[in-house]
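Beneath this line is the structure, given in structure tokens, with notes to follow.
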Amino acid sequence: MTCIEQNATTSNNFLKTIIEEDLKNGKHSSIVTRFPPEPNGYLHIGHAKSICINFGLARDFGGRCHLRFDDTNPAKEEQEYIDSIKESVRWLGFDWGEYLYYASDNFETLYQWAVHLITEGKAYVEDLNAEQIRANRGTLTEPGVESPFRTRSVAENLNLFERMRAGEFPDGSRVLRAKIDMASPNISLRDPVLYRILHTPHPHVGDAWKIYPMYDFAHGQTDAVEGITHSICTLEFESHKPLYEWFLDNLPVPSRPRQYEFARLNLTYTVMSKRKLQELVQHGLVTGWDDPRLPTLEGLRRRGYTPVSIRNFCEQIGVGRSDSWIDVSVLEESVRADLNESAPRAMAVLRPIKMIIENYPANQSEELQAANHPQKPEMGSRSIHFTRELWIDADDFMEAPSKGFHRLTVGGEVKLRSGYIVTCTGIIKDEQGNILELRGVYDPGSREGIHTADGRKVKGVIHWVSAAHALTAEVRLFDRFFSDPNPDRSGADYKQFLNRNSVETLTNCKLEDTLAGADIETRYQFERMGYFRLDPKDSQPGKLVFNRVVTLRDTWIIKK
RNA sequence: AGGGGUAUAGCCAAACGGUAAGGCAACGGCCUCUGACGCCGUCAUCUCUUGGUUCGAAUCCAGGUACCCCUGCCA
């Protein structure tokens, strides 16, 4: 289809407009996009934006999207990253089908095209070293100066370039340069480097090559051989566009792709640059690339973010060309919206204090039915145990309640979710004054609703679990990894903004026993506490470890 | 002799010369066995700024201002 319906959550963007035009006026009969990561690290939420744009456009307009590894620099690339990237793209819900490519599969073609340029007098072998090249490049305001090797004969260039390929020269001794314009105001046109010598094995093509093409000499041409129609990248490549086109103009390429740029994603309270992420991992500031506090796709996945929530997020933030900062709360809101629909409910007491129901016999126990979802009866129910000894959350009790607190207080009453109304009748403390346990009584007729026998409505509903049946588990609560909205801001070391309390590990949490068979992929809502999922690495059948994906919205906390 | 971009609400973002969509946040209210969810309502006389063209300008023109990108043998 060539025209998509707009709905409330998808507004138009400039890329869709361009594609609609191209399809309408017959410039293309169908579109081909590509997601072109360099396999030199793990994917993060910023890549997710690009993935969603490229695969999403292809999907919406009935075209196709390639996964292409931009593997032109073997010094930084590894098979491990290739594998991880494929896995992350698949996890996000996208499928490249048979269209998996490597820029390195075109190395021979690229080499021939470089020879073509030399033959045409449009490229030359440079003997100057990196520093000299830099010195001759000029500055932002001054033109560069031409290299003495710029006028080498075609024959000599051909000979030298061939020997570069053969591995005759050491790394850094020579490069191949395009002969364009050393005085161009666009610095990327001042005789850019096309090939460098690198005696480094490559993760995909092994040790077949001793010279490797630069990004600029590979990207557009690779787009052209794959038949990419819309080559979508981020804004910082905008100044490379004239060079991208120069190659297409001067080489016998089989098709004519066009480059379009969009603003990369910036998220508050986190860092996204590969270098910084790597540093956090290397310095042991996080547990790994999949640390649940990181914006990496593996981290978000481990934490419990769902693919659909990330896709929705990318849809919501839109695509534009102005630098923008998205607040992390938008991402968080996106998982909440998804999980509220799909997550079965359960009860878990994170900071337990015991409550003894004095009018409930010690040897008695009964099963109560609790709905798995308040609005979705089709999700069924489960039975939970009610007994004399219960665990409730410390946060749900205040001896000296602040104004507006409508949970449990001495002499006060509260509804136990899916259970009974209980009244607190007293506190047992140790000699230091610490609360040992709470005493209370329950109203046997209060199973349904929140009304007392005399018709009053109790204000508070709290979660609880039977002490006799409870499972003990570890629960990890995460907070923002940085204390500053923009830890990446220039002029400051982002590490100074690390939030020291970004993870809180609670080891004595009490969970309802239905969670004994919790599924690794299922996200649960622990009622009133947020959404949780088993940690895929650290959780064991006998030792449950849950990660909190995100809290519930809490307007009470805001008022405090 | 610098070049290339971008400016619409607290944060994103639509609009294509015809009288400022939508989402998030916020704020009222309703509902509620989760202080959740849901529902209703409010939220730009105005589009960085100054002029101009026009019956009519966020959109066109001219001049300012601010911010981002470019001086790797990285991508």
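Each chain gets a letter, A, B and so on, in the order its sequence line appears, and its residues count up from 1.
Of the candidates B:rU71, B:rC68, B:rA75, the closest approach to any side-chain atom of A:Arg134 belongs to B:rU71. Checking B:rC69, B:rC68, B:rC74 against the side-chain heavy atoms of A:Glu236 singles out B:rC69 as nearest. For A:Val330, taking side-chain heavy atoms from C-beta onward, the closest of the listed nucleotides B:rC73, B:rC24, B:rA75 is B:rC24. Side chain of A:Pro185, nearest nucleotide from B:rC12, B:rA1, B:rU34: B:rA1. Listed candidates were B:rC37, B:rU71, B:rA14. Nearest to the side chain of A:Asn340 is B:rC37. Distances were taken from every side-chain heavy atom of A:Ala183 (C-beta onward) to each of B:rA1, B:rA75, B:rC73; the shortest belongs to B:rA1. Listed nucleotides: B:rC70, B:rA26, B:rA14. Nearest to the side chain of A:Arg553: B:rA26. Nearest to the side-chain atoms of A:Leu140 among the listed nucleotides B:rG2, B:rG35, B:rC33 stands B:rG2. For A:Asn129, the listed nucleotide lying nearest its side chain is B:rC73; candidates were B:rA14, B:rC73, B:rA75. In this structure, the nucleotide among B:rG35, B:rU32, B:rA75 sitting nearest to the side chain of A:Lys457 is B:rU32.
Checking A:Lys415 against A:Ser324, the closest nucleotide of RNA chain B that is more toward the 5' end is the one next to A:Ser324. Residue A:Thr139 is the one, among A:Thr139 and A:Asp70, whose nearest nucleotide of RNA chain B lies closer to the 5' end (criterion: closest heavy atom).
Backbone-only contact: A:Ser322 has heavy atoms under 4.0 Å from sugar-phosphate atoms and none from a base. Within the 4.0 angstrom heavy-atom criterion, base atoms lie near A:Pro374. A:Leu128 comes within 4.0 angstrom of a base, heavy atoms only. At a threshold of 4.0 angstrom between heavy atoms, the contacts of A:Ile421 with the nucleic acid are absent. In this structure, A:Asn13 reaches the sugar-phosphate backbone alone: every heavy-atom distance under 4.0 Å involves primed, P, OP1 or OP2 atoms, never a base. Among the heavy atoms of the strands, none lies under 4.0 Å from A:Arg177. Among the protein residues, A:Tyr195 comes within range of no part of the nucleic acid, since none of its heavy atoms lies under 4.0 Å from any strand. Within 4.0 Å (heavy atoms only), A:Val193 reaches sugar-phosphate atoms of the nucleic acid but no base atom. Backbone-only contact: A:Val319 has heavy atoms under 4.0 Å from sugar-phosphate atoms and none from a base. At the heavy-atom level, A:Gln375 lies under 4.0 Å from base atoms of the strands shown. Residue-level contact check: A:His406 touches the bases, meaning some heavy atom is under 4.0 Å from a base atom. Looking at heavy-atom distances under 4.0 Å, A:Leu552 makes contact with a base. Using a 4.0 Å heavy-atom criterion, one finds that A:Leu235 contacts no nucleic acid atom at all. Base engagement by A:Gly404 is indicated by at least one non-hydrogen atom pair under 4.0 Å involving a base atom.
On the P atoms, B:rU45 is 15 Å away from B:rU8, given to the nearest whole Å. When the C1' atom is compared between B:rA1 and B:rG18, the two are found 44 Å apart, to the nearest whole Å. Straight-line distance between the P atoms of B:rU59 and B:rU6: roughly 15 Å, to the nearest whole Å. Comparing the P positions of B:rU50 and B:rA58 gives a spacing of 14 Å, expressed to the nearest Å.
Here the C1' atom of nucleotide B:rC12 and the CZ atom of A:Arg264 are 18 Å apart, to the nearest Å. Spacing between atom CG of A:Asp216 and atom P of B:rC73 amounts to 11 Å, rounded to whole angstrom units. Rounded to a whole Å, the CZ atom of A:Arg417 is 5 Å from the P atom of B:rU34. Atom NZ of A:Lys274 and atom P of B:rC74 are 15 Å apart (whole Å). Here the C1' atom of nucleotide B:rA26 and the CD atom of A:Glu333 are 13 Å apart, to the nearest Å. Counting to the nearest Å, the C1' atom of B:rG5 and the NE2 atom of A:His240 are 14 Å from each other. A:Leu408 places its CG atom 16 Å from the C1' atom of B:rU34, with the value rounded to the nearest Å. Following rounding to the nearest Å, A:Asp443 (CG) and B:rC33 (C1') show an atom-to-atom distance of 14 Å.
With A:Tyr195 as the partner, the ring-ring contact (aromatic ring centres under 6.0 Å, His included) test is satisfied by one option alone out of A:Trp209, A:Phe169, A:Phe161: A:Phe161. With A:His204 as the fixed residue, the ring-ring contact (aromatic ring centres under 6.0 Å, His included) test singles out one of A:Tyr102, A:Tyr101, A:Tyr212: A:Tyr102. The residue from A:Asp393, A:Asp396, A:Asp554 that alone fulfils the salt bridge (charged side-chain N to carboxylate O under 4.0 Å, His left out) condition with A:Arg528 is A:Asp396. Checking A:Val414, A:Val441, A:Thr452, A:Ile450 one by one against A:Ile421, the side-chain contact (heavy atoms from CB on, under 4.5 Å) holds for a single residue, A:Thr452. With A:Asn40 as the partner, the side chain to side chain donor-acceptor pair (under 3.5 Å) test is satisfied by one option alone out of A:Lys76, A:Lys274, A:Glu78: A:Lys274.
Pair assignment for B:rA66 gives B:rU6, based on Watson-Crick or G-U wobble hydrogen-bonding distances that are each under 3.5 Å. Taking a pair to require two hydrogen-bonding distances under 3.5 Å in either a Watson-Crick or a G-U wobble arrangement, B:rG56 remains unpaired. The partner of B:rG22, taking Watson-Crick or G-U wobble pairs whose two distances both stay under 3.5 Å, is B:rC12. Base-pair partner of B:rC27: B:rG41 (Watson-Crick or G-U wobble, both distances under 3.5 Å).
Shown here for A:Leu235 and A:Ala263, the closest heavy-atom pair between the two residues is CD2-CA, 3.6 Å.
In this structure a side-chain-to-backbone donor-acceptor pair under 3.5 Å is present from A:Glu77 to A:Asn73.
Judged by the 6.0 Å distance and 45° axis criteria, A:Arg177 is not positioned over the aromatic ring of A:Tyr124.
In this model, a donor atom of one side chain and an acceptor atom of the other lie less than 3.5 Å apart for A:Glu279 and A:Tyr494.
Within the 4.0 Å cut-off from OP1 or OP2 of B:rG3, not a single side-chain nitrogen or oxygen of A:Ser184 is found. Taking 4.0 angstrom as the limit, A:Arg275 places none of its side-chain polar atoms (N or O) nearer than this to OP1 or OP2 of B:rC74. Applying the 4.0 Å criterion to OP1 and OP2 of B:rC33, one finds that A:Arg447 has every side-chain N and O outside that range.
Ring-to-base geometry places A:Trp556 in a stacked arrangement with B:rG35 (centre distance under 5.5 Å, plane angle under 30°).
Using the six-membered ring where Trp is involved, A:Phe532 and A:Phe526 have ring planes that are parallel, under 30° apart on the 30 and 60° scheme.
Put simply, the side chain of A:Arg345 and the base of B:rU34 share a donor and an acceptor less than 3.5 Å apart. Between the side chain of A:Gln525 and the base of B:rU34, a donor-acceptor pair under 3.5 Å is found.
Taking the syn range as angles within 90° of 0, the glycosidic angle of B:rG4 is outside it, so the base is anti.
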